[in-house]
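Being a predicted model, the structure only gives us computed values, none of them experimental.
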Amino acid sequence: MRGRYQQLYAEWKRDPVNFWRGPAAEIDWFKSPEHVFSEGNGPYGRWFVGGETNTCYNCLDRHVHRGRGGETAIIFDSPVSGAKQSFTYDDALGEVKAIAATLRAQGIAKGDRVILYMPMVPEAIFSMLACARIGAVHSVVFGGFAASELAARIDDSGAKLIITASCGLEPGRVIAYKPLVDQAIAIAKTKPEHCLVLQRPQLVADLTPDRDQDFEVAVGRNRGLEIACVSVNATDPLYILYTSGTTGQPKGVVRDNGGHMVALNWSMTNIYGMKPGEVFWAASDIGWVVGHSYIVYAPLLAGVTTLIFEGPVGTPDAGAFWRIVSEHKVRVLFTAPTAFRAIRREDSDGQFIRAFPMPHFRALFLAGERADPETLKWAENMLGVPAIDHWWQTETGWPVASNPLGIETLPVKHGSPSVPMPGYDIEILDDAGHPVTTGTLGNVVVKLPLPPGCLPTLWNADERFRSAYLDEFPGYYKTADAGYINGDGYLFIMSRTDDIINCAGHRLSTGAMEEVCAMHPDVAECAVVGIADSLKGQVPCGFLVLKRSVSRETSAIESEVVSLIREQIGPVAAFKIAITVERLPKTRSGKILRGTMQKIADGVPWKMPATIDDPAILEEIAAALRGRGFGILPM
């Protein structure tokens, strides 16, 4: 007898377009869609053509109109500033209306672009919703990004206004945002007409006359004003989120209004198992897609309380997560595997976890980096709740594969994000575009059309969208991830296709080797990259971060890891290089910068990644490689 997931997935397979009529009916429309899906629009088609709606209305107004205005919509907790606040749906709607009126007063209208360069504060979320309310298109840029990167996004989007703050806060330091904004505007060809600056008490910024306004003063003048939601087409853009492009020009991922709401609302119930009024915490940042989808839009669409956390993992210590979960009665936590590896490194025996009662806690979801089996097992054992690895991308906007707790809890297979969600027909192809056999590593692709919620195109770049995602495998969306599907239909994502190592004609998965490295009891975190080799083309090199409690000789641990790879994978892996390092270079969202590490090891030119969290780590990696005799080319 088939389970509920299999029944639902089969229902979608039988009629992949009309399946979405039901979820679409859960969204409030000003005008019902004429077509669920239209193939003739955009590079592969558009969802809910002819429909008119508003995302802010669905996130706030409809809950207020249905008598839930006094319930908590947003919780703000900032261990770096000590601030804690709660906002009801009534509170949030009032703030959003005031900001929307302020934007209108600055000349912002439907279709105009507004850039947000903000820390994780409530005003950032209110500003996103205010843009949606008046039909403006927001583009959130991670606060603290380099001025040149911000300038590139200003130019590509054609932004008319910037909303920023005087500073961002991190443990022990204050990061001035306003000088970076000023520099970016000076560099950019497009000159935003206005800039709203949220002055924070930790650092007050100088305002540029005739362009800048104090955010609180400007918004304060408009509190109490009624600003109705603008009706937008389902296919109109809600936001642009820039992701790094291989050409150096950032790619503007576009998210529409209608399909985005339908998919995210469906996911909160069916994937995460959330109910209205429960607390959901996505421990991320609004600069990333996780923040857009699961801090702001999905929880509020579903009437769920969302939590905003200002402060990186480990603020003030490895027990920060559990203090938040316990204090705010979080039902489901969603974070990156790298966060848990950091917690595991500092608190491997779970002392902090045991210090906080968490009777309301129901599940942990991980995404953003591959969740290695050892970290998942540790989380399960320590927390006593399901630890769910699930897989998606900036481009998809919501999970491609997951264990759908809201439908049924499937057996966990460590190392797999479980099974495809309705909407995603996943296949594994070889480089020539032919299907591979079950269990064989290949290119992970999704049969077109992509479901609602995924990007319909790139900002002003249909042809770039086609060449980047559709042309290599006609009829499919190229994920650029490598993996396989096992006999039970579970998907295994092993690495980015760029991270596959070609060693003496063998295609080796870095993810498989990282799994084995992480099995060693002294290893807290690891990364494997391919290093150029004159004989074999490439050979793997493993970087190991050890648990804090380890005091053994690192050379002994490195030798044991090499032996473990040979034992678990075999001599074909040609794994002979293991290097212990203090930490790994990562983006601010937690992704390990394997590509940059590989360039450093190969001694080829490389550029400092714009998204890097701490540039000093790359020199630590370079020094460790020099100690093993690998050539380094200075920047």
Ring-ring centroid check H292 Y239, cutoff 6.0 Å: yes
Carefully, step by step, assess Y89 and D91 under the rule side chain to side chain contact (heavy atoms under 4.5 Å, CB included). CA-CA 5 Å; Y89 280 96; D91 296 334; over 6 Å; no
Count the heavy atoms of every other residue, nucleotide or ligand shown that sit under 6.0 Å from CD of E39, and state whether that count exceeds 12. no
How long is the span from the OG1 atom in T338 to the CG atom in L584, to the nearest 0.5 Å? 8.0 Å
Closest non-hydrogen atoms of G311 and V80, given as atom of the first, atom of the second and distance, are CA-CG1, 4.2 Å
Under a 4.5 Å cut-off applied to non-hydrogen side-chain atoms, are V197 and D214 in contact? no
4.5 Å side-chain heavy-atom contact, F37 and P449: yes
Give a yes or no answer on whether the side chain of S78 reaches the backbone of S81 with a donor-acceptor pair at less than 3.5 Å. yes
Is it the case that the side chain of R223 and the backbone of G94 share a donor-acceptor pair, with hydrogens and angles ignored and the cut-off at 3.5 Å? no
Just wondering, do D210 and T208 contact through their side chains at under 4.5 Å, heavy atoms? no
Hey, are the side chains of I286 and I125 touching, using non-hydrogen atoms and a 4.5 Å cut-off? yes
Quick one: does S467's side chain have a donor or acceptor within less than 3.5 Å of a partner on R464's backbone? yes
What residues form a side-chain contact (heavy atoms from CB on, under 4.5 Å) with N233, not counting sequence neighbours? E52, T235, D236
Ring centres of Y57 and F30 under 6.0 Å apart? yes
Before you tell me yes or no, could you show the steps for I75 and S86 under side chain to side chain contact (heavy atoms under 4.5 Å, CB included), namely the whole-Å CA-CA distance, both residues' side-chain angles and the distance that decides it to 0.1 Å? CA-CA 4 Å; I75 298 169; S86 291; 4.0 Å; yes
In plain terms, say whether E216 and R200 are close enough for a salt bridge, that is, a side-chain N and a carboxylate O under 4.0 Å apart. no
Shortest non-hydrogen separation from D61 to C56 and the atoms involved: OD1-O, 3.6 Å
Under the side chain to side chain contact (heavy atoms under 4.5 Å, CB included) rule, what do I308 and V121 come out as? Steps first, then yes or no, please. CA-CA 7 Å; I308 307 168; V121 291; over 6 Å; no
Spacing of CG belonging to L307 relative to CZ belonging to F334, to within rounding of 0.5 Å: 14.5 Å
Minimum side-chain heavy-atom gap S284-T335 below 4.5 Å: no
Taking the side chain from S139 and the backbone from I115, do they hold a donor-acceptor pair closer than 3.5 Å? no
Any heavy-atom pair between the side chains of V140 and M118 that's under 4.5 Å? no
Stepwise, does the side chain to side chain contact (heavy atoms under 4.5 Å, CB included) test hold for F76 with E310? CA-CA 8 Å; F76 173 57; E310 184 185 28; 4.0 Å; yes
Any donor-acceptor N/O pair, N41 side chain to R46 backbone, under 3.5 Å: no
Counterpart residues, side-chain contact (heavy atoms from CB on, under 4.5 Å), relative to D112 (two or more places apart): I108, A109, K160
Gap separating the NE2 atom of H63 from the CG atom of L93, nearest 0.5 angstrom: 11.0 Å
Separation between OG1 of T305 and NZ of K329, rounded to the nearest 0.5 Å: 12.0 Å
Start with the C-alpha distance between R211 and D182, add both sets of side-chain angles, then the distance that settles salt bridge (Lys or Arg N to Asp or Glu O under 4.0 Å), and finish with yes or no. CA-CA 11 Å; R211 187 194 71 196; D182 290 341; 2.7 Å; yes
With rounding to the nearest 0.5 angstrom, report the CD to OG1 distance, E395 to T243. 6.0 Å
Give a yes or no on whether K110 atom NZ has more than 12 heavy-atom contacts from other residues, nucleotides or ligands under 6.0 Å away. yes
Smallest heavy-atom separation, L225 atom then K97 atom, equals O-CB, 3.8 Å
Check whether any side-chain N or O of R68 sits under 3.5 Å from a backbone N or O of A73 as a donor-acceptor pair, and report yes or no. no
Taking W459 for the side chain and D156 for the main chain, is one N or O donor matched with an acceptor at less than 3.5 Å? yes
Per-pair distances, 0.1 Å, donor-acceptor, side chain in residues 259-269, under 3.5 Å, sequence neighbours excluded:
residue: N265; atom: ND2; partner: E26; partner atom: OE1; Å: 3.1
residue: S267; atom: OG; partner: L264; partner atom: O; Å: 2.8
residue: S267; atom: OG; partner: Y294; partner atom: OH; Å: 2.7

Could you walk me through whether E463 and R466 pass the salt bridge (Lys or Arg N to Asp or Glu O under 4.0 Å) test, one step at a time? CA-CA 5 Å; E463 284 308 312; R466 291 187 181 96; 2.5 Å; yes
To the nearest 0.5 Å, atom CE of M128 lies from atom OG1 of T55 at 10.5 Å
Is the NZ atom of K191 crowded by more than 12 outside heavy atoms at less than 6.0 Å? yes
Are T53 and N58 packed together at the side-chain level, in the sense that at least one heavy-atom pair is separated by less than 4.5 angstrom? yes
Between W288 and F145, how do the two ring planes meet: parallel, tilted or perpendicular, split at 30° and 60°? perpendicular
Geometric class of the W20/W398 ring pair [parallel <30°, tilted 30-60°, perpendicular >60°]: perpendicular
State plainly whether the residues E327 and K84 are in salt-bridge range, i.e. N to O under 4.0 Å. yes
State whether the side chain of D155 and the backbone N or O of T190 hold a donor-acceptor pair below 3.5 Å, judged by distance alone. yes
Give a yes or no answer on whether the side chain of K591 reaches the backbone of G368 with a donor-acceptor pair at less than 3.5 Å. yes
K178 and side-chain hydrogen bond (donor to acceptor under 3.5 Å, both in side chains): which partner among D212, D206, T164? D212
Within the 3.5 Å criterion, strictly below it, is a donor on D481 or Q393 matched to an acceptor on the partner's side chain? yes
Please tell me if the side chains of D614 and P585 come closer than 4.5 Å, counting only heavy atoms from C-beta onward. no
Sub-3.5 Å donor-acceptor pair from the side chain of T396 to the main-chain atoms of W392, do we have one? no
What pair of heavy atoms forms the shortest contact from N222 to A98, and how long is it? CB-O, 3.6 Å
Could you report the tightest heavy-atom contact between S38 and V49, atom names first, then the distance? CB-CG2, 3.6 Å
One pair to check against ring pair (Phe, Tyr, Trp, His ring centres under 6.0 Å): F87 and F126. What are the steps and the verdict? CA-CA 11 Å; F87 300 87; F126 297 149; 5.2 Å; yes
At their closest point, which heavy atom of G111 faces which heavy atom of V137, and how far apart are they? O-CG2, 4.2 Å
